[in-house]
Amino acid sequence: MIRLDDYQGTSAELAEFITSTWRKSYEGKMTFPLWSAEYFEWQLRWKNPHFRRNLIAIYDDARLVATLLGSEYPFRCGQEIVPGSIWSWMTIDPVYRGRGFAKLLNEERIRRMQDRKIDLVVSYRYFGSKSSLAERPHRNSGDNTAKFHNKVGFWVRVLNPQCVCDWSLSSAAAWGARLTSPWAPLPKLGKEEKYIRKATPADIPQCLELIHEKTKSLPFAIHWDQELLSNQLLGSPLSTTLVYEREEKIEGFINFHLLTSFSKCEGQMGLLDVMSTQRLSSHKSLYLMYAVMQEMLNQGAILTLKLRSGDEDLLLMLRSYFAPRAPESHLVLQWIGQEREVPKNAKTHLLWR
């Protein structure tokens with residue numbers, strides 16, 4: 001019997017279901033993440049029972065056959081704080097596709113968000129490969145609450161050109177990695193090294209002040225509070241945050257996490273999530289970025305990515321040899337409550353999940 005329910009299993013079982021299903025769908029066709037139990041525990045705030053209602057599953061008797069997962073975040077739209085959430089990981093067992101499960105999951109999500117008085121769902125639809133099963137604007141589920149707002153891409157910086165060549169399915173990407181070889185080595189930090197260190201819980205209030213300062217002028221942004229930011233910056237061994245501190249004052253920070261992805265083989269990507277460098281000089285911010293990339297290399301990353309949403313320091317990205325990639329995903333805004341105005345192609349501060 002088919003039933004909708006909260007997800008009932010462990011984080012390891014969830015990761016196994018989603019990753020194995022994505023392998024069946026995408027291996028040999030496109031690059032895709034290999035999700036881990038640790039990742040889900042971190043991003044879905046696994047230990048807090050309040051958030052388990054954001055883990056929607058479809059079961060056939062006791063067999064898990066589909067999932068849709070979310071994590072709650074408040075968003076600032078102009079001067080208003082709007083309760084919202086970021087959703088991803090829609091996964092349907094290939095045997096059960098074509099039965100309308102995507103529509104069922106979405107309708108259940110809307111119902112649950114209405115119950116919790118959540119006004120907005122943020123998500124992405126990947127169109128960078130014809131093999132992607134993601135919803136498209138011209139073949140959507142008939143849900144007119146989901147607005148394909150604009151297209152987004154990434155900044156990309158190769159850290160290990162040879163490994164990227166061996167990993168990449170795309171011959172063009174492999175050649176691009178080879179061409180970046182002269183810029184791949186990272187300079188030594190010199191005297192700046194003494195000001196850069198890993199973040200601690202005591203740094204969170206200053207980091208919160210910095211990220212609020214950075215995002216206050218953006219039309220649309222995650223509105224971090226202390227608990228959310230602490231989870232993002234320090235809530236998992238997967239997440240690393242480096243701060244630039246002088247005279248006991250945090251002047252900037254960069255947060256990233258590593259995500260295993262599969263192309264021709266497994267490779268580690270470093271994803272830049274939350275950055276605040278506006279109080280740093282261009283020289284200091286550049287060396288903080290170099291320190292972050294060196295830490296990524298030390299952890300085994302072969303390249304690094306940053307969502308190209310307009311919240312990044314353009315000069316910093318170019319000086320540290322990031323290249324902009326063409327858009328490959330749609331940013332989708334799904335208003336459950338009252339719709340607010342978010343300008344098309346506005347600068348935003350969001351997470352990619």
Side-chain angles (χ1 to χ4, degrees), residues 43-45 50-51 53-54 68-90 106-107 109-126 134-135 137 140-141 143-155 204 207-233 255 271-278 306-314 327 329-353:
Q43 283 298 291
L44 301 174
R45 287 167 262 173
H50 172 78
F51 298 115
R53 292 288 287 168
N54 295 330
L68 181 60
L69 314 174
S71 188
E72 293 177 22
Y73 292 88
F75 295 94
R76 188 177 43 72
C77 298
Q79 300 305 310
E80 184 182 5
I81 307 302
V82 176
S85 54
I86 298 174
W87 286 72
S88 187
W89 304 290
M90 180 179 278
N106 180 56
E107 289 173 347
R109 168 172 60 187
I110 291 174
R111 187 184 68 77
R112 293 184 182 204
M113 295 299 94
Q114 288 172 333
D115 288 347
R116 296 169 80 93
K117 296 183 169 45
I118 301 292
D119 282 0
L120 174 63
V121 169
V122 173
S123 57
Y124 299 90
R125 307 289 191 274
Y126 178 70
E135 179 186 31
N140 64 34
S141 62
D143 174 21
N144 58 13
T145 66
K147 308 293 185 183
F148 285 73
H149 189 72
N150 59 267
K151 297 177 181 178
V152 294
F154 284 94
W155 291 96
I204 295 300
C207 289
L208 184 63
E209 178 185 338
L210 285 169
I211 198 62
H212 281 175
E213 176 184 272
K214 176 183 175 175
T215 61
K216 66 182 179 182
S217 63
L218 298 179
F220 185 58
I222 292 173
H223 183 72
W224 298 98
D225 60 28
Q226 191 156 314
E227 181 180 357
L228 271 175
L229 192 64
S230 180
N231 182 69
Q232 176 61 40
L233 303 191
N255 163 251
L271 282 159
L272 294 167
D273 276 333
V274 187
M275 302 168 52
S276 178
T277 59
Q278 71 276 3
K306 167 70 176 74
L307 185 66
R308 196 152 51 86
S309 60
D311 68 337
E312 64 275 13
D313 180 335
L314 178 60
S329 295
H330 293 281
L331 170 63
V332 176
L333 303 182
Q334 185 173 8
W335 292 97
I336 310 300
Q338 175 192 346
E339 183 172 348
R340 277 76 165 183
E341 177 65 27
V342 179
K344 283 279 189 181
N345 301 311
K347 292 182 178 181
T348 63
H349 168 71
L350 299 170
L351 298 176
W352 176 85
R353 296 292 183 261

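- I118 and I336 get closest at one heavy-atom pair: O-CB, 3.4 Å.
- Donor-acceptor pairing under 3.5 Å is lacking for the side chains of R76 and H212.
- Checked for salt-bridge contact, E72 and R45 miss the test: no charged N lies under 4.0 Å from a carboxylate O.
- For the 3.5 Å distance criterion, the side chains of Q278 and D313 fail to qualify, holding no donor opposite an acceptor.
- Between E339 and K147, some side-chain heavy-atom pair lies under the 4.5 Å cut-off.
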Report task. Please report the C-alpha distance between D119 and R340 in whole Å, then the side-chain angles of each, then the deciding distance to 0.1 Å, and finally whether the side chain to side chain contact (heavy atoms under 4.5 Å, CB included) criterion is met. Result -> CA-CA 10 Å; D119 282 0; R340 277 76 165 183; 2.8 Å; yes

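- The CE atom of M90 sits 6.0 Å away from atom CZ of R109, with the distance rounded to the nearest 0.5 Å.
- A salt bridge is absent between K306 and D273: the closest approach of a Lys/Arg side-chain nitrogen to an acidic carboxylate oxygen does not fall below 4.0 angstrom.
- Atoms OG and CG, from S123 and L350 in turn, are 11.0 Å apart once rounded to the nearest 0.5 Å.
- In plain terms, the two heavy atoms of V82 and C77 that are nearest each other are CG2-SG, 4.1 Å.
- Each of W335, F220, W224 was compared with F75 under the ring-ring contact (aromatic ring centres under 6.0 Å, His included) criterion, and only F220 meets it.
- A donor-acceptor distance shorter than 3.5 angstrom exists from the side chain of H149 to the backbone of P343, with no hydrogens or angles considered.
- Side chains of R125 and S329: no donor on one and acceptor on the other come within 3.5 Å.
- A donor-acceptor contact under 3.5 angstrom links the side chains of N106 and Q334, judged on distance only.
- The backbone N or O of M275 sits less than 3.5 Å from a side-chain atom of K214, completing a donor-acceptor pair.
- Between G70 and L44, the closest heavy-atom pair is O-CD2, 3.4 Å.
- Classification of the W352-F154 ring pair by plane angle, with boundaries at 30° and 60°, yields perpendicular.
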Query raised in the report: Given Y124 and L307, is the side chain to side chain contact (heavy atoms under 4.5 Å, CB included) satisfied, shown in steps?
Result: CA-CA 12 Å; Y124 299 90; L307 185 66; 3.6 Å; yes

Query - Derivation of the side chain to side chain contact (heavy atoms under 4.5 Å, CB included) call for V122 and L333 - result: CA-CA 5 Å; V122 173; L333 303 182; 3.9 Å; yes

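- In this structure, the side chains of L228 and Y73 come closer than 4.5 Å at one or more pairs of heavy atoms.
- Residue I204 holds its CD1 atom at 11.0 Å from CG of D225, rounded to the nearest 0.5 Å.
- Considering R112, K117, R111 as possible partners of D115, the one that fulfils the salt bridge (charged side-chain N to carboxylate O under 4.0 Å, His left out) test is R111.
- In this structure, the separation between NE2 on H349 and OG1 on T215 is 6.0 Å, given to the nearest 0.5 Å.
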Report task. For T348 and S309, run side chain to side chain contact (heavy atoms under 4.5 Å, CB included): C-alpha distance rounded to whole Å, both residues' side-chain angles, the deciding distance at 0.1 Å, then the answer. Result -> CA-CA 5 Å; T348 63; S309 60; 3.3 Å; yes

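- Within the model, atoms OG of S276 and CD1 of I211 stand 5.0 Å from one another, a figure rounded to the nearest 0.5 Å.
- Across every non-hydrogen atom of P327 and K151, the tightest pair is CB-CB, 3.7 Å.
- Heavy atoms only, all atoms of each residue included: F148 and K344 are closest at O-NZ, 3.2 Å.
- Among all heavy-atom pairs drawn from C207 and L229, the shortest one is C-CD2, 3.8 Å.
- Atom CD of residue Q232 and atom CD1 of residue I222 lie 7.5 Å apart, to the nearest 0.5 angstrom.
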